[in-house]
Amino acid sequence: MPLLSIRNLNVEYRLPDLKIAIKALKGVSVNVNKGDIAGIVGESGSGKSTLALAIMRMLKPPAIIKSGNIYFNDVDLLSLSEHEFNSKYRWVKISMVPQASQNIFNPTMRIRDHFIDTAKAHGITDENEVLKRASEILEFTKLNPARVFNLYPHQLSGGMKQRVAIALALFLNPELVIMDEPTAALDVVTQMDILNLVKSINEKFGTTIIFITHDISIIPVIASSVVVLYNGEVMEVGPMEDIIIDPKHPYTKALVQSTPSLSSSADEVKPIPGEPPNPLEDIQGCPFWPRCPYVMDVCKTDKPPEYNVNGRIVRCYLYEK
């Protein structure tokens with residue numbers, strides 16, 4: 001049984017002034033197995049962050065979960081009261097390193113107080129015990145607690161802030177940690193340090209991780225499985241090696257081909273033609289058809305179902321028998 005199972009999740013951003021609803025997630029179904037590092041990849045606007053916020057029940061108006069289920073250990077998180085979810089799941093069993101996490105800190109509080117506040121929010125009041133646990137986690141993230149505890153956020157580098165954000169997410173020993181673009185806005189060396197830290201967390205604590213990124217070149221370094229999103233829909237799901245070495249969906253192929261590598265020549269790197277869909281437009285059929293080199297008439301009118309291609313999920317009519 002998967003640790004996390006998302007079933008037919010539909011999320012909209014309703015804009016009453018414009019009398020429209022932007023469909024951010026359209027029937028998304030994803031399984032994340034215990035102990036896995038699941039990479040979720042796609043261009044900006046594909047719905048990656050919306051999916052993360054939906055799992056954490058942190059979506060705010062005008063966003064609304066229209067339908068679907070999010071099961072964690074067979075419990076539908078969307079059926080729980082706000083109090084029950086906050087007390088039993090948020091940060092206790094599921095935590096998150098949000099996008100632009102360098103900006104999540106209260107600039108008037110020292111780092112030690114961020115840990116104390118997090119603990120108090122979950123009924124832990126023994127400050128000595130809190131700081132002992134926080135010290136252990138900070139040391140694991142390669143930070144010096146004696147120094148970092150007394151610093152304000154603006155006194156930390158970008159990489160240090162990211163490590164503190166990760167330490168806060170690990171503080172209550174959750175089973176699942178969602179990391180939304182954790183390497184964005186960091187230099188290449190710091191990015192690799194963070195990726196190595198994420199792998200260490202997975203290996204040492206057995207923590208299941210959802211790793212969200214727009215950069216598919218990071219996926220082979222970090223992920224064991226991959227979900228490819230486009231315009232709020234799942235295009236392809238499978239093991240990392242299969243998807244990177246032999247992508248099946250035209251969009252996945254385009255993502256891989258558009259990513260430069262040390263061994264690729266300039267001629268081998270091909271940008272994805274066209275532009276991502278306008279979120280205000282409701283595209284009929286496959287959302288990728290206006291940019292797809294293999295487009296057929298059926299792609300323009302009917303949504304492709306899920307096809308099983310060598311144990312991999314691919315939503316493309318190229319694989320209809």
Side-chain angles (χ1 to χ4, degrees), residues 36-44 46 48-49 52 95-105 107 110-112 114-115 134-171 177-228 240-241 243-245 255-266 268-269 271:
D36 197 3
I37 300 181
I40 297 182
V41 65
E43 293 172 284
S44 296
S46 60
K48 305 184 301 297
S49 294
S95 66
M96 181 176 176
V97 180
Q99 195 170 17
S101 58
Q102 296 94 331
N103 301 322
I104 66 171
F105 300 99
R110 297 181 191 272
I111 297 304
R112 58 177 284 151
H114 285 82
F115 285 95
S135 294
E136 294 170 353
I137 295 295
L138 286 173
E139 286 175 354
F140 179 78
T141 64
K142 303 295 191 294
L143 292 174
N144 182 348
R147 175 171 177 260
V148 171
F149 272 155
N150 294 315
L151 297 179
Y152 289 95
H154 74 272
Q155 295 175 298
L156 303 177
S157 68
M160 291 172 73
K161 286 180 184 177
Q162 194 68 294
R163 289 172 185 273
V164 172
I166 292 172
L168 282 166
L170 292 173
F171 180 62
V177 177
I178 303 168
M179 298 189 176
D180 190 359
E181 300 277 9
T183 58
L186 299 175
D187 63 80
V188 175
V189 174
T190 307
Q191 282 187 12
M192 188 54 66
D193 287 342
I194 296 299
L195 292 175
N196 288 332
L197 173 60
V198 172
K199 288 192 289 187
S200 296
I201 292 166
N202 174 256
E203 293 168 2
K204 181 177 177 63
F205 303 113
T207 308
T208 305
I209 296 169
I210 294 177
F211 191 98
I212 295 172
T213 181
H214 67 277
D215 185 357
I216 199 169
S217 67
I218 291 176
I219 291 299
V221 180
I222 192 67
S224 48
S225 63
V226 185
V227 177
V228 181
M240 179 276 293
E241 292 91 347
I243 284 184
I244 296 299
I245 295 172
L255 277 179
V256 173
Q257 291 175 351
S258 67
T259 304
S261 69
L262 293 175
S263 61
S264 61
S265 66
E268 292 175 311
V269 180

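For the pair Met179 and Val198, the tightest heavy-atom approach, listed with the atom from each and the gap, is SD-CG2, 3.5 Å. The two atoms that bring Pro107 and Tyr152 nearest to each other are O-CD2, 3.7 Å, heavy atoms only. Scanning both residues, Leu195 and Ile218, for their nearest heavy atoms gives CD2-CG2, 3.7 Å. Between Ile219 and Gly39, the shortest heavy-atom distance links the atoms CD1-CA, 4.0 Å. Of all the heavy atoms in Met160 and Val148, the pair that sits closest is CE-CG2, 4.2 Å. The shortest non-hydrogen separation linking Ser135 to Pro145 is O-CG, 3.5 Å.
Residues Val221 and Met192 are in side-chain contact: their nearest non-hydrogen atoms beyond the backbone lie under 4.5 Å apart.
Under a 3.5 Å cut-off, the side chain of Glu181 and the backbone N or O of His214 do form a donor-acceptor pair. Of the possible donor and acceptor atoms, none in the side chain of Lys48 sits under 3.5 Å from a partner among the backbone N and O of Ile40. A donor-acceptor contact shorter than 3.5 Å links the side chain of Gln162 to the backbone of Pro182.
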| message | Test side chain to side chain contact (heavy atoms under 4.5 Å, CB included) on Arg163 and Leu156; report intermediate values, then the result. | response | CA-CA 10 Å; Arg163 289 172 185 273; Leu156 303 177; over 6 Å; no

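Rounded to the nearest 0.5 Å, atoms CZ (Phe105) and CG (Leu168) are 6.0 Å apart. Note that OG of Ser95 is 12.0 Å distant from CZ of Phe171, once rounded to the nearest 0.5 Å. Note: Asn202 CG to Ile37 CD1 = 3.5 Å, rounded to the nearest 0.5 Å. From Leu143, atom CG reaches atom CD1 of Ile137 across 11.5 Å, with rounding to the nearest 0.5 Å. With rounding to the nearest 0.5 angstrom, the CD1 atom of Ile201 is 8.0 Å from the OG1 atom of Thr141. Put simply, CD1 on Ile111 and CG on Leu138 are 8.5 Å apart, with the number rounded to the nearest 0.5 Å.
A 6.0 Å sphere centred on NZ of Lys199 holds more than 12 heavy atoms belonging to other residues, nucleotides or ligands.
Looking at Asp215 and Ser217, their side chains do bring a donor and an acceptor atom within 3.5 Å of each other.
Under the rule for a salt bridge (charged side-chain N to carboxylate O under 4.0 Å, His left out), the partners of Glu43 that lie at least two apart in sequence or sit in another chain are Arg291. Annotation: ring-ring contact (aromatic ring centres under 6.0 Å, His included) contacts of Phe211 (sequence neighbours excluded): none.
A side chain to side chain contact (heavy atoms under 4.5 Å, CB included) with Met96 is found for exactly one of Val177, Ile210, Asp180, namely Asp180.
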